[in-house]
Amino acid sequence: MMMNCGAMNATTPSSASWSASHGSKIPMLLPRAICSTHRMCCGSGVHVDACVSTNVSRNAKDSMIWSGTSPSLYSKQPINKFLLPLRASVASTSQDVTIASLIGREKIGVLLLNLGGPETLEDVQPFLFNLFADPDIIRLPRLFRFLQKPLAQFISVTRAPKSKEGYASIGGGSPLRHITDAQDQNTVADGKPVPCYETHTHPMSILLGIGLFILPGVFCFNCYFLSIVFFQAEELRKSLWEKQVPARVYVGMRYWHPFTEEAIQQIKRDRITKLVVLPLYPQFSISTSGSSLRLLERIFREDEYLVSMQHTVIPSWYQREGYIKALANLIGKELETFDHPEQVVICFSAHGVPLAYVEEAGDPYKAEMEECIDLIMEELEKRKIMNAYTLAYQSRVGPVEWLKPYTDETIIELGKRGVKCLLAVPISFVSEHIETLEEIDVEYKELALKSGIEKWGRVPALGCEPTFISDLADAVIESLPYVGAMAVSNIEARQFGIFAVFSSTRQCRGATGSV
Ligand SMILES: C=CC1=C(C)c2cc3[nH]c(cc4nc(cc5[nH]c(cc1n2)c(C)c5CCC(=O)O)C(CCC(=O)O)=C4C)c(C)c3C=C
Ligand SMILES: [Fe+2]
């Protein structure tokens, strides 16, 4: 069912009022799920750190307490060191639990979370409004939260022309009706891709004043972007089935169709009983995975069915072996396109966040990003690839300071230092979109060539790369033993709010036994 953006804005409870009423930025989604996770891991003695991380820590992700579902977050050890393969036993105090038995007759769902993008150029401003109305994107002091929506309106209207230009230059928008229609027909719930092979008249053509210039759907940016996400969903579903985990895969976008709310409705219609939530962002940020999880939390707390549905969250997965290896493969392959691969400087470019997110709000994004780069470089070193490399941050918006160094300044600096060959690696995205296709491929390439760099290359986003998809499937499977129920009534949750969550989680510290 197609949701109208205006309706979304009207019906979605204001995040400002949520934050104000609870006086905290800490989401409460899934607390008991984590609680049961804690019980399992405490009981098994597999990973005690996760069991005691229940305080409101300075680290935003720690305080989100979902991390209990992913023990490796607290360790450099790969996640599969702690979690056992399919059909292997997971020791609890009293009994062995096999993954097969965990699946049993359950209906397993995987919810992929992503940002979403405007379908047409007309959608750009409302899409931007949704984005800037998110208190995890523009973080206002509590006293000024009433300004969130007027400010979002102002910024979205002001930014829309520049944004539209970017979207237009890569194909503009196009009707995505067929995707949401497909969702009605339950094809999305089955994880089937809905590629856009249709022919559209692009708003770009009108913008360019060249009349009815028809582009094939494959150039339609948003169909392309959504198709990639749906292809990823489908490939993940296939991989899970191949690994004997029959699961349905859903896609929920934060700021555009198919909205997370729509995916959740489908999950309910399908009577899913165990849900794994997997943000399609390798590294956690308050502004991306955090925002989507906070939204989910709100949806869960207001819904009797969801409150009792077993679920778990994989908050980030940048350290997974398969992901690192897949990226190293792509980098190695791209380096081979240069005449002297060893002379190429590798420039990892991550989407930035305002500095205050990291320094004041405890966003682990920068730390995870740096660790991720270390892991990739270690992997490349094993393959005798020892290139010079750098990490920089792109896509800053607005007047505040963002994480540095900025990618554009880095490129100029490298040019000044005499670097002649540069390989750009988009690191915070797993699918192509405006930041890769326009900002990197067009703006940064042009800047690099102007700055004295002679040979430019760019590593593609992972998309449906098989090693990567297989690894995502493993991440889902490994999380299954940690799926648990919230087991708290709506009313109880509303009454006790965050304090109930913390006390319940604390009780789990000493608890033993299985879910
Ligand atoms: C890890 C990825 C991302 C982080 C972190 C992130 C933070 C962040 N973004 C904005 C503002 C905008 N982002 C926009 C588009 C956009 N952002 C990401 C990813 C991250 N954002 C993606 C993949 C995209 C492309 C979406 C698409 O259309 O496919 C935009 C709109 C485009 C534009 O006008 O430039 C804005 C605006 C902020 C403020 C922020 C952190 C606070
Ligand atoms: Fe962004």
Side-chain angles (χ1 to χ4, degrees), residues 12-20 22-31 34 53 55-70 73-74 113-116 128 130-142 144-145 148 151-152 155 252-255 260 277-300 313-319 350-372 393-398 400-404 427-430 435 498 501:
T12 308
S14 139
S15 303
S17 65
W18 145 252
S19 298
H22 291 274
S24 167
K25 291 289 280 180
I26 299 156
M28 293 189 286
L29 175 68
L30 321 168
I34 302 311
S53 305
N55 306 332
V56 186
S57 97
R58 268 174 306 156
N59 180 311
K61 191 168 67 179
D62 288 359
S63 58
M64 282 183 166
I65 55 175
W66 293 305
S67 32
T69 59
S70 178
L73 290 167
Y74 293 89
L113 299 174
N114 212 326
L115 184 119
L128 290 176
N130 289 345
L131 189 129
F132 290 119
D134 178 356
D136 287 314
I137 286 284
I138 296 192
R139 302 175 66 250
L140 293 175
R142 203 173 309 155
F144 295 101
R145 296 256 166 85
Q148 190 92 38
L151 198 61
I155 302 174
M253 301 293 194
R254 181 67 179 90
Y255 306 116
T260 309
V277 179
L278 177 59
L280 276 179
Y281 306 100
Q283 305 83 9
F284 182 97
S285 167
I286 296 170
S287 59
T288 53
S289 309
S291 165
S292 278
L293 295 175
R294 196 183 300 279
L295 170 68
L296 264 189
E297 177 210 16
R298 272 203 306 274
I299 299 171
F300 268 57
V313 175
I314 302 172
S316 68
W317 36 270
Y318 65 92
Q319 75 287 52
H351 195 300
V353 293
L355 190 62
Y357 278 55
V358 174
E359 295 200 340
E360 289 165 29
D363 197 336
Y365 183 70
K366 179 173 182 272
E368 293 197 359
M369 193 60 73
E370 287 171 357
E371 195 187 338
C372 179
Y393 295 91
Q394 65 176 86
S395 318
R396 61 190 186 275
V397 186
V400 298
E401 193 180 353
W402 283 50
L403 282 182
K404 280 184 178 162
I427 188 70
S428 40
F429 318 117
V430 292
E435 263 83 9
I498 198 115
V501 172

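Owing to the predicted nature of the structure, the values given are computational and were not obtained by experimental measurement. We use all heavy atoms of the structure for the numbers below, so side chains are in, but hydrogens, waters and symmetry mates are not.
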Checklist entry - For Tyr365 and Thr288, what are the C-alpha separation, side-chain angles and deciding distance, and is it a side-chain contact (heavy atoms from CB on, under 4.5 Å)? => result CA-CA 10 Å; Tyr365 183 70; Thr288 53; 5.6 Å; no

Checklist entry - With side chains defined as the heavy atoms from C-beta onward, is the minimum distance between Leu113 and Leu296 less than 4.5 Å? => result yes

Checklist entry - What's the shortest heavy-atom distance between Trp402 and Val397, and which atoms? => result NE1-O, 3.1 Å

Next on the checklist: Please check this pair: side chain of Asp363 against backbone of Ile286, looking for a donor-acceptor N/O pair closer than 3.5 Å.
Outcome noted: yes

Checklist entry - Leu280 and Trp317: which non-hydrogen atoms are nearest, and at how many Å? => result C-CZ2, 3.9 Å

Checklist entry - With distance as the sole test, does Tyr357 use its side chain to make a donor-acceptor pair with the main-chain N or O of Asp136 at under 3.5 Å? => result yes

Next on the checklist: To the nearest 0.5 Å, what is the distance between CD1 on Ile137 and CG on Asn130?
Outcome noted: 11.5 Å

Item to check | Ser285 side chain vs Ser287 backbone, donor-acceptor pair below 3.5 Å | outcome: yes

Checklist entry - With distance as the sole test, does Gln394 use its side chain to make a donor-acceptor pair with the main-chain N or O of Glu435 at under 3.5 Å? => result yes

Checklist entry - In Å and rounded to the nearest 0.5 Å, what is the CZ to CG distance from Phe144 to Leu151? => result 11.5 Å

Checklist entry - For the residue pair Pro315 and Pro279, what are the closest heavy atoms and their distance? => result O-CG, 4.3 Å

Checklist entry - Quick check: does any side chain N or O of Gln148 sit under 3.5 Å from a backbone N or O of Ile138, one acting as donor and the other as acceptor? => result yes

Checklist entry - Residues two or more places apart in sequence or in another chain: which of them pass side-chain hydrogen bond (donor to acceptor under 3.5 Å, both in side chains) with Thr260? => result none

Checklist entry - Short question: side chain of Arg145, backbone of Leu140 - any donor-acceptor pair under 3.5 Å? => result yes

Checklist entry - Is the side chain of Glu368 donor-acceptor paired with the backbone N or O of Phe284 at a distance under 3.5 Å, no angle test? => result yes

Checklist entry - Going through the distances and angles, do Gln283 and Ile427 end up as a side-chain contact (heavy atoms from CB on, under 4.5 Å)? => result CA-CA 9 Å; Gln283 305 83 9; Ile427 188 70; 4.2 Å; yes

Item to check | Tyr281 (side chain) donor-acceptor with Gly290 (main chain) under 3.5 angstrom | outcome: no

Item to check | salt bridge (charged side-chain N to carboxylate O under 4.0 Å, His left out) partners of Glu370, counting only residues at least two apart | outcome: Lys366

Next on the checklist: Is the ring pair Phe429/His351 parallel, tilted or perpendicular, if the boundaries are 30 and 60 degrees?
Outcome noted: perpendicular

